[in-house]
Amino acid sequence: MEDRVFQPRLVLVFSGKRKSGKDYVTDWILESLGPQVCCVLRLSGPLKQQYAQEHDLDLTQLLGPGPYKEKYRADMILWGETQRRQDPGYFCRLATRGVRQPVWVVSDARRRTDLEWFKSEFPRQTQSVRVQCSEETRKQRGWSYTAGVDDAESECGLDSGVHFDWIITNEANAPSLEEQLQSILKLAEEAADL
Ligand SMILES: Nc1ncnc2c1ncn2[C@@H]1O[C@H](COP(=O)(O)OP(=O)(O)O)[C@@H](O)[C@H]1O
Ligand SMILES: C[C@@](O)(CCOP(=O)(O)OP(=O)(O)O)CC(=O)O
C-alpha cells in the first residue's frame, strides 16, 4: 500500500446500473455540500482519458452522457479490464490523486476490486452506497439492454455478495432523494466538521 499523506474524512463509494442515477445523485450531494467540502470522483475519468488518447477519440464526448460513449463502451470495458488485471487499483489511484476535500464521493464503482481498494486504503472512512431503480425507469431514462455490456462484470460485478451500507431507490414513487440522502448528508457534514 503506497504511503498516503492525505486522509479523507469520509469516502462514499457509489455503484448502480447504467441510468440508475449515479451521476444525478452524486451531483445532488455535491450541490448540497459544496466543492470546498466534497469532490465527486469518477473511476471512468482516467480510463476514458487514456482510452481516448490511445484511440484518438473525442474525450469530451466520451465523458458526456450521449450515444458516443455507448459506441465504445464494450471495448472500453475490455481495455479497462486488461489494465485492472495487471493492477486492480490502477484507476482508483489515478482518480484520487491530489484530491484534498474531506468528503470523497466515488460515483461509479463497478467491481469488487473497486470497493475493496477503497476499503483497504480507507477502512474507517469508506461506506458503500447502491443506487437502484427498476428497468422500466432505466428505459425511460434512455437505457436499453446491450449484450457484452449489461451481462459483463462492468454492470454485474456488484450485483450479489456485497453488503451495502446505504441503498438509494431512485424512483418517482420512492421517498424523495432529499429524504433518502438526509442521513448520508448528516454523516458528511459531521465528517467535515460543518
Ligand atoms: N431522480 C431523478 N430525477 C430526474 N432525472 C433523473 C433522476 N435520476 C436520473 N435522472 C436522469 O436520468 C438520466 C440518467 O441518470 P444518470 O445519473 O446519468 O445515470 P448513471 O450515472 O447511473 O448512468 C440522466 O439524464 C439524469 O438526469
Ligand atoms: C468502461 C467504463 O469505465 C465506462 C463507464 O462509463 P460511464 O461512467 O459513463 O458509465 P455510466 O455513467 O454508468 O453510463 C465502465 C468500466 O467497466 O470501467
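Small disclaimer: the values here were computed from a predicted structure and weren't measured. In listed order, ligands and their atoms are each counted from 1.
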Are [X] and [Y] in one and the same hydrophobic cluster, where Ile, Leu, Val, Met, Phe, Trp and Tyr link if side-chain heavy atoms are under 4.5 Å apart?
X	Y	answer
L43	L47	no
F91	L115	no
Y90	F122	no

Among E171, R141, K22, whose heavy atom sits nearest atom 9 (C) of ligand 1?
R141

Report the member of E70, R18, R110 with the shortest heavy-atom distance to atom 11 (P) of ligand 2.
R110

Evaluate the 4.0 Å heavy atom contact test for atom 14 (C) of ligand 1: does a protein atom fall under the cut-off?
yes

Strictly less than 4.0 Å: does any protein heavy-atom distance to atom 25 (O) of ligand 1 fall in that range?
no

Is the backbone of [Y] close enough, under 3.5 Å, to the side chain of [X] for a donor and an acceptor to pair up by distance?
X	Y	result
Q180	T169	yes
T146	S144	yes
K19	W143	no
K22	K17	yes

Please could you name the atoms of ligand 1 that K17 approaches to less than 4.0 Å, counting only its heavy atoms?
22 (O)

For ligand 2, indicate whether the residue K69 contacts it via side chain, backbone, both or neither (heavy-atom separation under 4.0 Å).
side chain

Can you tell which part of I77 has a heavy atom less than 4.0 Å from ligand 2: side chain, backbone, both or neither?
both

What is the closest protein heavy atom to [atom], and at what distance does it sit?
atom	answer
atom 3 (O) of ligand 2	S44 CB, 3.5 Å
atom 4 (C) of ligand 2	R73 NH1, 3.9 Å
atom 1 (C) of ligand 2	M76 CB, 3.5 Å

Answer yes when R18 and E70 have at least one side-chain N-carboxylate O distance shorter than 4.0 Å, and no when they do not.
yes

In terms of atom number and element, which parts of ligand 2 are under 4.0 angstrom from non-hydrogen atoms of R84?
18 (O)

Numbering the atoms of ligand 2 from 1, which are under 4.0 Å from a heavy atom of K22?
13 (O)

Heavy-atom gap K48 to ligand 2 smaller than 4.0 Å
yes

If the contact criterion is a heavy-atom separation under 4.0 Å, does E155 count as touching ligand 2?
no

Can you confirm whether more than 12 heavy atoms, excluding those of R100, are under 6.0 Å from its CZ atom?
yes

Would you call P65 a ligand 1 contact, heavy-atom distance under 4.0 Å?
no

The answer for which part of D27 has a heavy atom under 4.0 Å from ligand 1 is neither

